[in-house]
Amino acid sequence: MKRLVLSGINLFTGGTLQIYKKLIEQLGKKGYDKKYKIVAFVHKKEYFDEIKCHVKYIEIPDGRNYLKRMYYEEVFFYKWSKDKHIDIWIAMHDLSPKVVAKKRYTYYHTPQIFYNMPFLKAVLDLRCFLRSKFYRYFVATHVKETTGVIVQAHWIKEKFEQMFKGCNIIVARPEETEAASVPRVYFHKEYTFFYPSFPRVFKNFEVICEACRILNRKDFEYKVLITIKGNENRYAKWLYRKYGDVKNIKWLGILERKEIEKIYQEADVLIFSSTLETWGLPVTEWGKYGKPMILADLPYAYETAANEKLKVFFKADDAKKLAEIMAAQICGKFMEYEDVAVGREEKQDEWERLLAIMLD
């Protein structure tokens, strides 16, 4: 049998882990686990317990440590792969490891190399700032060694082609995840907005918090649910110190997948204000409920929401405009939704297409 190796040793939460799980799930559904002997390097084996696919999992629990991860990517994987006669290696988290394999693919989903971070944001998250510089250097030195780089959107493909000449870029749009089977119920007492995201400086929670302050100058009944507790990191602590007294903001903390799906079904409007994404996965997930969304006026949002009808865009730093849109939604005087067809495509099985490119 041919040999296929997957690696994603620092994936532990969020959309990136879901994509890794989806890949392995599809390998089983499409029968590739009968054609290939599959090995997957993971952060924790338990994340993949429910997936039916013949895979040998190798757990590397310290793979989230940056220094140790560099050892695994540059030294350990190379030594491990030398005598394994590997046909294909697919790295699921941005960096292309140094390995011996006939074909090498990297799934790139971190747009931080394109992020010009403001000074305050750099102070609040020095790691993010350094990571953006490091990723750019590391990608530049490794990208031409890969058979192909997989990205989630056409806009980032164009950026890659401008920055790294001569590399093979494959676009694979994320697919919707299945909704949990809970009744669709709306809140009636308070109009509810929802922004699910981890507190990173480019997620731009502050524009939503500032919009709430503006709204609170008038007597509106509403609430904004955010997936921050206020103690996760320096950025989250800064947000809570500055906006913790805004009564309409509900600081929920990190939620389980089923809890997020339940709020998707119950809430009225999604706000997605992030200033940096390859693909806004919550926008795709929210779209299947056919409810309004308020999005940052940025390329990723136009592409992600291309097929959605109930969408409004605002400049990502314009809290006043966001407050105006939110007020209109609360009062039922809906803003005029924008039908933007950028990147619009017919629905297709992206995993079937992607696996065919890499494995067949």
Side-chain angles (χ1 to χ4, degrees), residues 110-129 131-133 153 155-156 159 193-218 220 222-228 230 232-246 248-251 269-283 286 292-306 308 310-330 335-338 340 342:
T110 301
Q112 293 177 28
I113 56 174
F114 310 119
Y115 188 33
N116 294 318
M117 189 177 292
F119 177 75
L120 174 60
K121 297 279 179 87
V123 171
L124 289 173
D125 195 345
L126 181 60
R127 180 181 292 184
C128 180
F129 173 76
R131 188 187 301 134
S132 68
K133 303 303 179 187
W155 78 267
I156 200 167
K159 289 281 189 181
F193 300 89
F194 184 37
Y195 181 26
S197 197
F198 188 80
R200 304 195 189 282
V201 290
F202 51 83
K203 295 297 184 177
N204 196 27
F205 281 90
E206 60 269 24
V207 73
I208 298 175
C209 297
E210 197 62 43
C212 290
R213 276 196 172 158
I214 295 170
L215 279 177
N216 289 353
R217 295 169 190 167
K218 297 183 179 180
F220 287 109
Y222 73 100
K223 60 185 173 184
V224 175
L225 309 179
I226 60 175
T227 51
I228 299 178
E232 292 87 346
N233 51 34
R234 188 178 296 180
Y235 174 59
K237 292 175 182 177
W238 173 79
L239 282 169
Y240 194 78
R241 283 197 305 270
K242 191 170 183 181
Y243 299 106
D245 62 339
V246 180
N248 304 78
I249 301 173
K250 308 302 178 186
W251 305 76
V269 176
L270 178 80
I271 302 177
F272 204 76
S273 57
S274 177
T275 59
L276 188 69
E277 300 289 329
T278 50
W279 187 272
L281 191 57
V283 176
W286 178 268
M293 56 183 75
I294 305 171
L295 309 173
D297 185 9
L298 292 167
Y300 81 84
Y302 282 96
E303 189 163 351
T304 306
E308 309 303 335
L310 305 182
K311 56 181 179 284
V312 178
F313 297 93
F314 73 101
K315 289 187 178 179
D317 60 351
D318 192 344
K320 186 177 179 181
K321 180 63 176 178
L322 176 57
E324 178 186 333
I325 296 170
M326 292 170 69
Q329 297 291 123
I330 295 167
M335 304 292 291
E336 184 176 347
Y337 296 119
E338 301 177 39
V340 181
V342 177

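Bear in mind that the values here come from a model prediction, so they are computed numbers and not experimental data.
- F314 places a side-chain heavy atom less than 4.5 Å from the side chain of V207.
- The shortest heavy-atom contact between A316 and S273 is CB-O, 4.4 Å.
- Side chains of T227 and F194 form a contact here, defined as non-hydrogen atoms less than 4.5 Å apart.
- Between L298 and F313, the closest side-chain pair of non-hydrogen atoms is not below 4.5 Å.
- The minimum heavy-atom distance between W279 and A153, with the atom names listed, is CE3-CB, 3.9 Å.
- Classification of the F205-Y235 ring pair by plane angle, with boundaries at 30° and 60°, yields tilted.
- Separation of atoms CG (L322) and CD1 (I271) is listed at 5.0 Å; rounding is to 0.5 Å.
- Looking at every heavy atom in both residues, M293 comes nearest to V269 through CA-CG1, 4.3 Å.
- Residues that satisfy the side chain to side chain contact (heavy atoms under 4.5 Å, CB included) test with F198, not counting sequence neighbours, are R200, N233, I254.
- The minimum heavy-atom distance between A236 and I228, with the atom names listed, is CB-CG2, 3.9 Å.
- Residues F193 and I208 form no side-chain contact, since every pair of their non-hydrogen atoms from C-beta on lies 4.5 Å or further apart.
- A donor-acceptor pair under 3.5 Å is formed between the side chain of E303 and the backbone N or O of W155.
- One distance of note links CG of N204 with CG of L276; it measures 11.0 Å at 0.5 Å rounding.
- Pairing each heavy atom of A296 with each of A301, the nearest pair is O-CB, 3.2 Å.
- Side chains of E324 and K320 form no contact here, defined as non-hydrogen atoms less than 4.5 Å apart.
- Atoms CG and CG, from D297 and D318 in turn, are 10.5 Å apart once rounded to the nearest 0.5 Å.
- Two residues are said to be in side-chain contact when any heavy atoms from C-beta on lie closer than 4.5 Å; V224 and C209 fail this criterion.
- For the pair L270 and P196, the tightest heavy-atom approach, listed with the atom from each and the gap, is CD1-CD, 3.6 Å.
- The distance from the OH atom of Y300 to the OG1 atom of T278 is 10.0 Å, given to the nearest 0.5 Å.
- Residues P282 and Y195 are not in side-chain contact: their nearest non-hydrogen atoms beyond the backbone lie 4.5 Å or more apart.
- A donor-acceptor contact shorter than 3.5 Å is absent between the side chain of K250 and the backbone of K223.
- Taken to the nearest 0.5 Å, the CG atom of N248 stands 6.0 Å off from the SG atom of C212.
- The distance from atom CZ of F202 to atom OG1 of T275, rounded to the nearest 0.5 Å, is 7.5 Å.
- Evaluation of the salt bridge (Lys or Arg N to Asp or Glu O under 4.0 Å) test over residues 202-216, restricted to residues two or more places apart or in two chains, returns K121-E206, K203-E277, R213-D245.
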